K.L.:
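Structure incoming, see below.
FYI, side chains are in, hydrogens and waters are out, and symmetry mates aren't considered; it's all heavy atoms of this structure. Quantities reported herein were computed from a predicted structural model and do not represent experimental measurements.
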Amino acid sequence: MELKINQQTKHFNAESLSIQSLLDLEIPHKQNGIAVAINNTVVPKIKWNEFFIQETDEILIISATQGG
């Protein structure tokens, strides 16, 4: 499966991935303080396990940062 994540194309050896599965592969140790948008729509964290990504989806992973 080829996915575009944060403007970068990445390849995965899976036919289907939930948002949570994708995050477990991409950022397994840093999943607090992030938001995920699929096709410009934020997906609530409680739906990450049940929302499956399609190969044509545009994925944006945003991390909260400290500072001003």
Side-chain angles (χ1 to χ4, degrees):
M1 173 180 272
E2 183 177 285
L3 299 173
K4 192 170 187 179
I5 305 169
N6 294 354
Q7 304 295 327
Q8 294 182 355
T9 302
K10 297 191 176 192
H11 298 274
F12 297 90
N13 291 328
E15 290 189 25
S16 67
L17 284 172
S18 68
I19 293 174
Q20 186 62 60
S21 298
L22 174 66
L23 294 175
D24 290 344
L25 291 171
E26 283 292 291
I27 49 173
H29 304 293
K30 189 184 172 194
Q31 294 184 14
N32 289 327
I34 64 169
V36 178
I38 307 293
N39 301 321
N40 296 318
T41 302
V42 174
V43 179
K45 189 171 187 170
I46 61 171
K47 296 192 177 208
W48 288 357
N49 280 316
E50 59 193 53
F51 192 104
F52 284 83
I53 300 166
Q54 304 298 315
E55 204 162 352
T56 57
D57 288 343
E58 297 236 358
I59 304 156
L60 181 62
I61 302 171
I62 303 165
S63 297
T65 59
Q66 285 183 269

K.L.:
Can you give the donor-acceptor pairs under 3.5 Å from side chains of residues 52-64 to other protein atoms, not counting sequence neighbours?
P.N.:
unit_1: E55; atom_1: OE2; unit_2: E2; atom_2: N; d: 3.0
unit_1: D57; atom_1: OD1; unit_2: N39; atom_2: ND2; d: 2.9
unit_1: D57; atom_1: OD2; unit_2: Q54; atom_2: N; d: 2.8

K.L.:
Can I get a per-line list of side-chain donor-acceptor pairs under 3.5 Å for residues 42-51, giving both atom names and the distance, sequence neighbours left out?
P.N.:
unit_1: W48; atom_1: NE1; unit_2: V43; atom_2: O; d: 3.1

K.L.:
Tabulate below the donor-acceptor pairs under 3.5 Å that side-chain atoms of residues 24-36 make, not counting sequence neighbours, or state none.
P.N.:
unit_1: D24; atom_1: OD1; unit_2: Q20; atom_2: NE2; d: 2.9
unit_1: D24; atom_1: OD1; unit_2: Q31; atom_2: NE2; d: 2.9
unit_1: E26; atom_1: OE1; unit_2: K10; atom_2: NZ; d: 2.7
unit_1: Q31; atom_1: OE1; unit_2: Q20; atom_2: NE2; d: 2.7
unit_1: Q31; atom_1: NE2; unit_2: L23; atom_2: O; d: 3.3
unit_1: Q31; atom_1: NE2; unit_2: I27; atom_2: O; d: 3.3

